[in-house]
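For reference, the structure is listed below as C-alpha coordinates.
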Amino acid sequence: MMKIGSHISSAKGYEAMGKQALKLGASTFAFFTRNPRGGNAKAVDKEDVEKFLTLWKAKGYGKIVAHAPYTLNACSDKPEVRRFAREAFAEDLQRMEYTPGNYYNFHPGSHVGQGTEEGIRWITELLNECLYEEMTTTVLLETMAGKGSEIGCSFEELQAILGQVRLSGKLGICLDTCHVWDAGYDIAGDLDGVLEEFDRIVGLDRLKAIHINDSQNGLGSHKDRHARIGEGCIGLDAFVRLINHPKLEGLPFILETPNDDAGWAEEIAMLRDVYRGER
Ligand code: FE
Ligand code: FE
Ligand code: ZN
(Lines give C-alpha, C1' and ligand atoms only; values in the text may rest on other atoms or scores of the structure.)
(Ligands and ions follow the chains in the order given, each with its own letter.)
Protein backbone atom coordinates (compact mmCIF):
# COMPACT_ATOMS: atom_id res chain seq x y z
CA MET A 1 0.00 0.00 0.00
CA MET A 2 1.29 3.47 -0.85
CA LYS A 3 2.32 5.39 2.25
CA ILE A 4 1.69 9.06 1.74
CA GLY A 5 0.64 11.97 3.92
CA SER A 6 1.40 15.50 5.00
CA HIS A 7 2.32 17.39 8.13
CA ILE A 8 -0.57 17.48 10.59
CA SER A 9 -1.06 19.80 13.54
CA SER A 10 -0.47 18.07 16.86
CA ALA A 11 -2.36 20.76 18.79
CA LYS A 12 -5.41 18.56 19.43
CA GLY A 13 -3.60 15.36 20.26
CA TYR A 14 -2.94 11.98 18.67
CA GLU A 15 -6.45 10.74 17.91
CA ALA A 16 -7.25 14.08 16.25
CA MET A 17 -4.11 13.73 14.12
CA GLY A 18 -5.13 10.24 13.03
CA LYS A 19 -8.62 11.38 12.10
CA GLN A 20 -7.31 14.40 10.24
CA ALA A 21 -4.89 12.17 8.31
CA LEU A 22 -7.77 9.92 7.26
CA LYS A 23 -9.74 12.98 6.14
CA LEU A 24 -6.88 13.98 3.86
CA GLY A 25 -6.68 10.49 2.38
CA ALA A 26 -3.31 9.95 4.05
CA SER A 27 -1.83 6.64 5.21
CA THR A 28 1.07 8.20 7.11
CA PHE A 29 1.80 11.69 8.41
CA ALA A 30 4.31 13.92 10.11
CA PHE A 31 3.79 16.07 13.17
CA PHE A 32 5.85 18.36 15.35
CA THR A 33 6.58 16.91 18.76
CA ARG A 34 6.34 20.43 20.18
CA ASN A 35 5.94 24.00 18.97
CA PRO A 36 8.20 24.01 15.87
CA ARG A 37 9.50 27.51 16.58
CA GLY A 38 9.29 27.50 20.35
CA GLY A 39 10.06 24.56 22.51
CA ASN A 40 7.19 23.63 24.82
CA ALA A 41 5.74 20.15 24.69
CA LYS A 42 2.31 19.21 25.99
CA ALA A 43 2.05 16.24 28.32
CA VAL A 44 1.09 13.05 26.49
CA ASP A 45 -2.43 11.81 27.22
CA LYS A 46 -2.14 8.05 27.36
CA GLU A 47 -5.79 7.39 26.55
CA ASP A 48 -5.61 9.69 23.55
CA VAL A 49 -2.54 7.82 22.25
CA GLU A 50 -4.29 4.45 22.74
CA LYS A 51 -7.24 5.65 20.66
CA PHE A 52 -4.89 6.73 17.92
CA LEU A 53 -2.98 3.44 17.96
CA THR A 54 -6.24 1.48 17.75
CA LEU A 55 -7.46 3.59 14.84
CA TRP A 56 -4.13 3.28 13.00
CA LYS A 57 -3.93 -0.46 13.53
CA ALA A 58 -7.49 -0.99 12.33
CA LYS A 59 -6.56 0.76 9.09
CA GLY A 60 -3.42 -1.33 8.75
CA TYR A 61 -1.29 1.79 8.40
CA GLY A 62 2.39 1.84 9.21
CA LYS A 63 4.94 4.25 10.50
CA ILE A 64 4.47 7.92 11.32
CA VAL A 65 7.28 10.43 11.12
CA ALA A 66 7.59 12.86 14.01
CA HIS A 67 9.58 16.05 13.45
CA ALA A 68 11.80 17.77 16.01
CA PRO A 69 11.37 21.54 16.41
CA TYR A 70 13.28 23.79 13.99
CA THR A 71 14.82 25.57 16.97
CA LEU A 72 16.67 22.42 17.96
CA ASN A 73 20.31 22.98 16.96
CA ALA A 74 22.60 20.27 18.23
CA CYS A 75 25.72 22.08 17.00
CA SER A 76 25.11 25.70 17.97
CA ASP A 77 28.06 27.69 19.28
CA LYS A 78 25.92 28.69 22.27
CA PRO A 79 25.96 26.26 25.21
CA GLU A 80 22.37 27.12 26.21
CA VAL A 81 21.11 26.33 22.69
CA ARG A 82 22.93 22.99 22.74
CA ARG A 83 21.51 22.30 26.20
CA PHE A 84 17.96 22.95 24.95
CA ALA A 85 18.66 20.65 22.00
CA ARG A 86 19.81 17.85 24.27
CA GLU A 87 16.92 18.23 26.71
CA ALA A 88 14.23 18.51 24.04
CA PHE A 89 15.72 15.59 22.10
CA ALA A 90 15.89 13.32 25.16
CA GLU A 91 12.37 14.28 26.21
CA ASP A 92 11.01 13.74 22.70
CA LEU A 93 12.55 10.26 22.61
CA GLN A 94 10.71 9.45 25.84
CA ARG A 95 7.43 10.73 24.37
CA MET A 96 7.98 8.76 21.19
CA GLU A 97 7.83 5.54 23.20
CA TYR A 98 4.08 6.10 23.65
CA THR A 99 3.90 5.28 19.93
CA PRO A 100 6.53 2.55 19.76
CA GLY A 101 8.54 1.73 16.68
CA ASN A 102 8.09 4.95 14.72
CA TYR A 103 10.41 7.63 13.33
CA TYR A 104 11.77 10.82 14.86
CA ASN A 105 13.25 13.14 12.25
CA PHE A 106 15.55 16.06 13.01
CA HIS A 107 17.67 18.61 11.19
CA PRO A 108 21.28 17.81 12.09
CA GLY A 109 21.96 21.49 12.76
CA SER A 110 23.88 24.60 11.74
CA HIS A 111 27.47 24.98 12.88
CA VAL A 112 27.22 28.81 12.68
CA GLY A 113 30.84 29.34 11.71
CA GLN A 114 32.50 26.69 13.89
CA GLY A 115 33.15 24.54 10.83
CA THR A 116 31.69 21.28 9.57
CA GLU A 117 33.98 19.04 11.59
CA GLU A 118 33.19 20.74 14.88
CA GLY A 119 29.48 20.70 13.99
CA ILE A 120 29.56 16.98 13.30
CA ARG A 121 31.35 16.47 16.61
CA TRP A 122 28.56 18.26 18.53
CA ILE A 123 25.82 16.35 16.71
CA THR A 124 27.54 13.04 17.38
CA GLU A 125 27.90 14.00 21.04
CA LEU A 126 24.19 14.76 21.37
CA LEU A 127 23.26 11.46 19.77
CA ASN A 128 25.68 9.54 21.97
CA GLU A 129 24.11 11.16 25.02
CA CYS A 130 20.46 10.77 24.02
CA LEU A 131 20.13 7.44 22.21
CA TYR A 132 19.62 4.45 24.48
CA GLU A 133 19.60 0.72 24.03
CA GLU A 134 15.93 0.05 24.93
CA MET A 135 14.38 2.69 22.67
CA THR A 136 12.13 1.45 19.83
CA THR A 137 12.20 4.68 17.83
CA THR A 138 14.47 5.14 14.84
CA VAL A 139 15.98 8.63 14.73
CA LEU A 140 16.24 10.07 11.22
CA LEU A 141 18.82 12.63 10.15
CA GLU A 142 17.28 14.84 7.46
CA THR A 143 19.21 15.67 4.30
CA MET A 144 19.62 19.45 4.24
CA ALA A 145 19.76 22.13 1.53
CA GLY A 146 23.01 23.67 2.71
CA LYS A 147 21.43 27.01 3.56
CA GLY A 148 23.80 29.06 5.74
CA SER A 149 25.99 26.68 7.73
CA GLU A 150 23.68 23.66 7.71
CA ILE A 151 25.27 20.27 8.28
CA GLY A 152 23.90 17.30 6.35
CA CYS A 153 23.78 18.72 2.83
CA SER A 154 26.05 15.97 1.52
CA PHE A 155 25.75 12.23 1.88
CA GLU A 156 29.34 12.21 3.18
CA GLU A 157 28.47 14.49 6.11
CA LEU A 158 25.50 12.34 7.05
CA GLN A 159 27.63 9.21 6.85
CA ALA A 160 30.29 10.85 9.03
CA ILE A 161 27.65 11.20 11.77
CA LEU A 162 26.22 7.70 11.29
CA GLY A 163 29.72 6.27 11.49
CA GLN A 164 30.62 7.96 14.78
CA VAL A 165 27.51 7.25 16.85
CA ARG A 166 27.75 4.34 19.27
CA LEU A 167 24.14 3.17 18.83
CA SER A 168 24.23 3.79 15.10
CA GLY A 169 21.63 1.07 14.56
CA LYS A 170 19.03 3.47 16.00
CA LEU A 171 19.72 5.93 13.15
CA GLY A 172 18.40 6.32 9.64
CA ILE A 173 18.02 9.02 6.98
CA CYS A 174 15.02 11.03 5.84
CA LEU A 175 15.62 12.30 2.32
CA ASP A 176 14.00 15.67 1.62
CA THR A 177 13.62 16.07 -2.15
CA CYS A 178 13.68 19.90 -2.06
CA HIS A 179 16.74 19.86 0.17
CA VAL A 180 18.83 17.36 -1.84
CA TRP A 181 17.93 19.21 -5.05
CA ASP A 182 18.95 22.54 -3.50
CA ALA A 183 22.11 20.82 -2.25
CA GLY A 184 23.01 19.90 -5.85
CA TYR A 185 21.77 16.30 -6.26
CA ASP A 186 19.93 16.09 -9.59
CA ILE A 187 16.94 13.93 -8.69
CA ALA A 188 15.09 15.27 -11.75
CA GLY A 189 17.75 14.44 -14.35
CA ASP A 190 19.43 11.44 -12.77
CA LEU A 191 17.47 9.87 -9.90
CA ASP A 192 19.18 6.51 -10.43
CA GLY A 193 22.58 8.14 -10.16
CA VAL A 194 21.65 9.97 -6.96
CA LEU A 195 20.29 6.80 -5.36
CA GLU A 196 23.40 4.89 -6.41
CA GLU A 197 25.56 7.56 -4.84
CA PHE A 198 23.47 7.44 -1.67
CA ASP A 199 23.80 3.68 -1.59
CA ARG A 200 27.55 3.80 -2.08
CA ILE A 201 28.18 6.41 0.62
CA VAL A 202 25.42 5.82 3.18
CA GLY A 203 23.64 2.60 2.18
CA LEU A 204 20.04 2.43 0.98
CA ASP A 205 19.10 0.32 4.01
CA ARG A 206 19.48 3.54 6.03
CA LEU A 207 16.85 5.37 3.98
CA LYS A 208 13.62 5.27 6.00
CA ALA A 209 11.45 8.19 4.85
CA ILE A 210 11.05 10.80 2.11
CA HIS A 211 9.99 14.42 2.53
CA ILE A 212 8.39 15.02 -0.83
CA ASN A 213 8.60 18.69 -1.80
CA ASP A 214 9.17 20.59 -5.02
CA SER A 215 11.64 23.47 -4.89
CA GLN A 216 11.17 27.12 -5.81
CA ASN A 217 14.81 27.28 -6.85
CA GLY A 218 17.26 25.63 -9.19
CA LEU A 219 19.62 22.71 -8.70
CA GLY A 220 22.34 23.56 -6.16
CA SER A 221 20.72 26.85 -5.10
CA HIS A 222 21.04 26.14 -1.33
CA LYS A 223 17.84 28.13 -0.66
CA ASP A 224 15.36 25.68 0.94
CA ARG A 225 12.11 27.20 -0.35
CA HIS A 226 9.53 24.45 -0.82
CA ALA A 227 6.99 24.47 -3.65
CA ARG A 228 3.89 22.39 -4.34
CA ILE A 229 4.49 19.18 -6.27
CA GLY A 230 4.77 20.08 -9.96
CA GLU A 231 4.89 23.83 -9.32
CA GLY A 232 8.63 24.12 -8.77
CA CYS A 233 11.94 23.49 -10.50
CA ILE A 234 11.97 19.73 -9.88
CA GLY A 235 8.73 19.18 -11.76
CA LEU A 236 5.94 16.61 -11.75
CA ASP A 237 7.63 14.05 -14.02
CA ALA A 238 10.49 13.70 -11.54
CA PHE A 239 8.03 13.01 -8.73
CA VAL A 240 6.16 10.42 -10.77
CA ARG A 241 9.48 8.61 -11.27
CA LEU A 242 10.41 9.09 -7.62
CA ILE A 243 7.30 7.62 -6.02
CA ASN A 244 7.38 4.71 -8.47
CA HIS A 245 11.08 3.97 -8.05
CA PRO A 246 11.53 0.34 -6.96
CA LYS A 247 14.31 1.30 -4.51
CA LEU A 248 11.93 3.65 -2.67
CA GLU A 249 9.02 1.26 -2.52
CA GLY A 250 7.24 1.14 0.83
CA LEU A 251 8.83 4.27 2.29
CA PRO A 252 6.57 6.88 3.87
CA PHE A 253 6.29 9.95 1.60
CA ILE A 254 5.58 13.11 3.60
CA LEU A 255 4.42 16.33 1.93
CA GLU A 256 5.81 19.56 3.39
CA THR A 257 4.50 21.67 0.56
CA PRO A 258 3.05 25.17 1.08
CA ASN A 259 -0.61 24.16 1.28
CA ASP A 260 -3.78 24.18 3.30
CA ASP A 261 -5.65 20.97 4.13
CA ALA A 262 -7.64 21.02 0.88
CA GLY A 263 -4.41 21.46 -1.07
CA TRP A 264 -2.78 18.50 0.68
CA ALA A 265 -5.81 16.29 0.11
CA GLU A 266 -5.56 17.19 -3.58
CA GLU A 267 -1.82 16.53 -3.73
CA ILE A 268 -2.22 13.17 -1.98
CA ALA A 269 -4.99 12.16 -4.41
CA MET A 270 -2.93 13.34 -7.38
CA LEU A 271 0.14 11.34 -6.29
CA ARG A 272 -1.93 8.23 -5.64
CA ASP A 273 -3.30 8.66 -9.12
CA VAL A 274 0.13 8.49 -10.74
CA TYR A 275 1.32 5.69 -8.46
CA ARG A 276 1.53 2.41 -10.36
CA GLY A 277 1.55 0.06 -7.35
CA GLU A 278 -1.21 -0.62 -4.86
CA ARG A 279 -2.70 2.77 -3.98
FE1 FE B 1 12.59 19.04 8.22
FE1 FE C 1 11.91 18.31 5.29
ZN1 ZN D 1 13.02 22.57 3.88
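Just the heavy atoms: all of them, side chains too, but no hydrogens, waters or symmetry mates, feed the values below. Whatever order the structure lists them in is the order used to number ligands and atoms, beginning at 1.
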Is there a donor-acceptor pair under 3.5 Å between the side chain of R206 and the backbone N or O of L171?
yes
May I have the angle between H226 NE2 and H179 NE2 with its vertex at the Zn ion (ligand 3), rounded to 10°?
110°
Determine whether a donor-acceptor pair (N or O, by modelled atom type, separation under 3.5 Å) exists between the side chain of N244 and the backbone of R276.
yes
Give the name of the N/O/S atom in H211 that lies closest to the Fe ion (ligand 2).
ND1
Cationic tip of K208 within the cone over Y103's six-membered ring, i.e. under 6.0 Å and within 45° of the normal?
no
2.8 Å cut-off met by an N, O or S atom of H179 to the Fe ion (ligand 1):
no
Name whichever N, O or S atom of E142 ends up nearest to the Fe ion (ligand 2).
OE2
Is D224 close enough to the Zn ion (ligand 3) that one of its N, O or S atoms comes in under 2.8 Å?
yes
Per residue D176, nearest N, O or S atom to the Fe ion (ligand 2) is named OD2
Specify which N/O/S atom of H107 comes nearest to the Fe ion (ligand 1), by atom name.
NE2
Among the N, O or S atoms of E256, which one sits nearest to the Fe ion (ligand 2)?
OE1
Aromatic contact between W56 and F29, with the criterion being ring centroids under 6.0 Å apart: yes or no?
yes
Between D182 (side chain) and A145 (backbone), is there a donor-acceptor pair under 3.5 Å?
no
Would you please indicate if the ring centroids of H7 and F32 are separated by under 6.0 Å?
yes
